[in-house]
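This report refers to the structure that appears directly beneath it.
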There are 2 protein chains.
Amino acid sequence: MVERLVGLNPSGAPLYKEVKRKIIESIRNGEWKPGEVIPSEKKLCERFAVSMGTIRKAVDDLSGEGFLIRHQGRGTFVATHNQDRYLFTFFHVVRQDGHKEYPKVELMEFSKVKADPVAMSMLHLDPGSRLFRFVNKLELGRNPVVVDEILLPEQLFSRLTERTLRERSATLYQLYQEGFGVTVVRTQERVRAVSADALRARLLGVKVGDPLLQVIRIAFSFKDQPVELRYSYVLTHTYEYCSDSMAAS
Amino acid sequence: MVERLVGLNPSGAPLYKEVKRKIIESIRNGEWKPGEVIPSEKKLCERFAVSMGTIRKAVDDLSGEGFLIRHQGRGTFVATHNQDRYLFTFFHVVRQDGHKEYPKVELMEFSKVKADPVAMSMLHLDPGSRLFRFVNKLELGRNPVVVDEILLPEQLFSRLTERTLRERSATLYQLYQEGFGVTVVRTQERVRAVSADALRARLLGVKVGDPLLQVIRIAFSFKDQPVELRYSYVLTHTYEYCSDSMAAS
DNA sequence: CAGTGGTCTAGACCACGTC
DNA sequence: ACGTGGTCTAGACCACTGG
């Protein structure tokens with residue numbers, strides 16, 4: 001006679017979803033840190049008292065969702081943003097021939113501002129919340145191509161300084177993760193065509209009124225918590241914004 | 001003593017990949033048609049002489065890739081394009097408040113042309129190949145918002161006529177599938193900001209020189225075969241181009 | 001009710017990475 | 001050699017759908 005019946009557990013949710021929840025919890029509370037290896041699948045079986053198949057289903061899912069990375073023969077690791085594969089997951093600007101390169105970033109402005117109604121709504125902030133606001137100029141192939149205006153909730157990034165941004169060696173999302181424990185797992189972008197204003201025209205070296213791509217990005221962490229609002233202005237003479245779609249389940 | 005050892009089969013590929021290949025083959029050769037149910041998982045076990053777990057892995061994959069759709073209690077179906085979920089998989093224009101609506105389409109031009117070098121390269125065509133070329137105007141909320149220029153290889157769509165396009169009741173990709181056996185499973189899009197030329201300005205009701213979004217799309221069928229080249233021009237005053245990204249495995 | 005997909009078990013052997 | 005994830009088996013029971 002078996003002890004626990006299969007199907008649904010007492011909590012009402014499938015076992016593998018319970019396991020997923022517990023694994024994410026262990027990542028969030030710091031038991032397993034980004035870049036570190038988590039226990040082997042066999043040990044997870046014992047820890048959660050489920051079978052291999054259930055562990056595999058949970059880890060498969062989390063791997064597909066970007067929280068974990070499997071390496072055959074080595075182990076399963078908590079995802080970090082300092083892997084090559086992340087460089088272009090959220091950076092969608094490529095040269096017209098498809099060539100991808102990493103931009104040279106220059107910090108142009110840095111300040112603390114009060115959240116306007118739009119930012120408040122997009123970032124789910126309370127009235128009166130304050131934001132860090134900074135502007136980056138990105139060069140590709142020695143030419144300015146993108147101007148980013150980035151807004152971060154002060155609450156999540158309280159120790160952020162201009163110097164931190166200027167002296168960072170890694171990508172911005174790597175900094176969010178390693179410096180502030182904020183892991184970006186998903187972004188939503190809206191793209192529009194606009195005319196260059198004086199500031200953007202000057203920074204990108206084009207005429208006022210020339211067409212620019214405006215990308216409005218919200219970056220989400222675990223549980224769909226919005227953590228960054230970004231306005232990007234892209235010069236698309238020689239570079240393009242790139243987006244793929246798959247018929248998915 | 002077991003008969004077949006687990007791990008790799010004689011062909012060198014994992015069993016579940018062999019099963020995936022055979023299922024896709026049965027879809028391609030018409031044994032199972034779009035919208036129809038395929039045999040139950042138990043029957044597939046017998047047919048391919050593998051266990052449930054292997055069948056599930058194969059069907060899971062194909063479901064995730066958009067070839068199959070599972071319905072608990074009913075069966076597994078070959079994907080079609082006449083499901084709601086497809087309407088906005090490849091149509092990325094939404095109102096600024098996030099509202100999605102289906103566009104009213106009007107055919108503006110229809111002709112047969114010789115493929116230019118760009119189209120030849122993008123669609124992997126031989127020199128001298130011919131294309132159907134047509135222009136659609138799309139209205140959203142009673143205002144023109146998108147102008148599409150669409151190029152299709154004559155070879156794949158030989159029976160296409162202006163009347164077919166004008167009288168279609170379904171989406172374009174539904175027509176490709178039901179009328180020509182061409183199933184779009186993936187698209188690649190490049191987005192740029194351009195100035196409206198005379199034709200586009202007139203169709204969209206804006207001034208020449210106003211900024212427009214230009215979307216260059218290649219649509220792929222099975223095995224990454226390119227089947228459509230499309231240039232979209234989008235007016236982004238009240239509508240936006242929408243694109244999501246996930247950190248994926 | 002019977003049949004479907006959804007979840008789960010308790011193992012097995014294989015291929016890969018490290019030592 | 002050893003431990004990891006990758007693949008696979010031969011079932012089981014559960015939840016849903018339809019007649």
Side-chain angles (χ1 to χ4, degrees), chain A residues 1-23 32 35-65 67-79 83 249, chain B residues 1-23 32 35-65 67-79 83 249:
Chain A
M1 187 59 186
V2 291
E3 188 60 37
R4 171 154 37 64
L5 296 179
V6 293
L8 293 190
N9 66 14
S11 87
L15 261 183
Y16 78 92
K17 286 190 180 172
E18 282 298 302
V19 172
K20 280 177 67 176
R21 202 182 50 69
K22 287 176 182 167
I23 290 175
W32 306 321
E36 288 180 6
V37 64
I38 70 171
S40 76
E41 301 191 343
K42 198 173 293 180
K43 283 171 187 158
L44 290 176
C45 291
E46 298 167 14
R47 167 161 175 165
F48 297 121
V50 298
S51 80
M52 284 279 304
T54 301
I55 289 291
R56 282 199 67 81
K57 169 77 169 157
V59 174
D60 275 353
D61 273 25
L62 291 173
S63 168
E65 291 163 16
F67 296 103
L68 300 176
I69 302 169
R70 282 215 234 257
H71 288 293
Q72 186 174 10
R74 293 207 289 143
T76 301
F77 298 77
V78 180
Q83 270 117 343
S249 64
Chain B
M1 187 59 186
V2 293
E3 188 61 35
R4 169 152 40 64
L5 298 179
V6 293
L8 292 192
N9 65 12
S11 85
L15 260 183
Y16 78 92
K17 286 191 180 172
E18 282 298 304
V19 171
K20 282 177 65 176
R21 201 182 50 68
K22 286 175 182 166
I23 290 175
W32 306 321
E36 287 180 6
V37 65
I38 71 171
S40 76
E41 303 191 342
K42 198 174 293 180
K43 282 172 187 156
L44 291 176
C45 290
E46 297 166 13
R47 167 160 173 166
F48 297 122
V50 297
S51 80
M52 284 277 306
T54 302
I55 289 291
R56 282 199 68 81
K57 169 77 170 159
V59 175
D60 275 353
D61 272 26
L62 291 172
S63 168
E65 291 162 16
F67 296 103
L68 299 177
I69 301 169
R70 283 208 159 102
H71 289 293
Q72 185 174 8
R74 294 208 286 144
T76 302
F77 297 77
V78 180
Q83 268 114 346
S249 65

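Chain letters run A, B, ... following the sequence lines, proteins first and then strands; every chain starts at 1.
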Please report the distance, rounded to the nearest Å, between [atom1] in [X] and [atom2] in [N].
{"X": "A:Lys17", "N": "D:dA15", "atom1": "NZ", "atom2": "C1'", "answer": "13 Å"}
{"X": "A:Glu36", "N": "D:dT4", "atom1": "CD", "atom2": "P", "answer": "16 Å"}
{"X": "A:Lys57", "N": "C:dC8", "atom1": "NZ", "atom2": "C1'", "answer": "12 Å"}
{"X": "B:Leu15", "N": "C:dC13", "atom1": "CG", "atom2": "P", "answer": "17 Å"}
{"X": "A:Ile69", "N": "D:dT4", "atom1": "CD1", "atom2": "P", "answer": "19 Å"}
{"X": "B:Asp60", "N": "D:dG6", "atom1": "CG", "atom2": "P", "answer": "15 Å"}
{"X": "B:Met52", "N": "D:dA12", "atom1": "CE", "atom2": "P", "answer": "12 Å"}
{"X": "A:Leu44", "N": "D:dT4", "atom1": "CG", "atom2": "C1'", "answer": "12 Å"}

key: Test side chain to side chain contact (heavy atoms under 4.5 Å, CB included) applied to A:His71 and A:Phe77, step by step   = CA-CA 8 Å; A:His71 288 293; A:Phe77 298 77; 3.5 Å; yes
request  = Considering non-hydrogen atoms only, spot the tightest contact between A:Ser51 and A:Cys45 and give its length.
outcome  = C-SG, 3.9 Å
Closest to side chain of A:Val50, choosing from C:dC8, C:dT9, D:dA10 = C:dT9
message = Roughly what angle, to 10°, lies between the helix axis at the start of the helix from C:dC1-D:dG18 to C:dT18-D:dA1 and the one at its end, five pairs per end?
response = 10°
Sequence neighbours left out, cut at 3.5 Å: what donor-acceptor pairs do the side chains of residues 52-59 of chain B make with other protein atoms?
residue, atom, partner, partner atom, Å
B:Arg56, NH1, B:Glu41, OE1, 3.1
B:Arg56, NH1, B:Glu41, OE2, 3.2

query = If you look only at pairs with a residue in residues 43-54 of chain A, which of them pass as a salt bridge (Lys or Arg N to Asp or Glu O under 4.0 Å), with sequence neighbours excluded?
reply = A:Glu31-A:Arg47
ask   = Taking atom CZ of A:Phe48 and atom NZ of A:Lys22, what is their separation to the nearest 0.5 Å?
value = 6.5 Å
Please tabulate, one pair per line, each protein N/O and nucleotide N/O from nucleotides 1-5 of chain C that are separated by under 3.5 Å, including the distance.
residue, atom, partner, partner atom, Å
C:dG3, N2, B:Gly73, O, 3.0
C:dT4, O2, B:Gly73, N, 3.3
C:dG5, OP1, B:Thr76, N, 3.2
C:dG5, OP1, B:Thr76, OG1, 3.1
C:dG5, OP2, B:Glu41, N, 2.8
C:dG5, N2, B:Gln72, NE2, 3.1

ask   = Between A:Phe67 and A:Ile23, is a side chain to side chain contact (heavy atoms under 4.5 Å, CB included) present by the stated rule, with each step listed?
value = CA-CA 10 Å; A:Phe67 296 103; A:Ile23 290 175; over 6 Å; no
inquiry  = Using side-chain heavy atoms (C-beta onward) and a distance below 4.5 Å, is A:Leu68 in contact with A:Ile38?
reply    = yes
request  = Indicate yes or no: at least one non-hydrogen side-chain atom of B:Tyr16 is less than 4.5 angstrom from one of B:Asp61.
outcome  = yes
ask   = Does OP1 or OP2 of D:dT9 have a side-chain N or O of B:Thr54 closer than 4.0 Å?
value = yes
Evaluation steps, salt bridge (Lys or Arg N to Asp or Glu O under 4.0 Å), between B:Asp60 and B:Arg70 = CA-CA 9 Å; B:Asp60 275 353; B:Arg70 283 208 159 102; 2.4 Å; yes
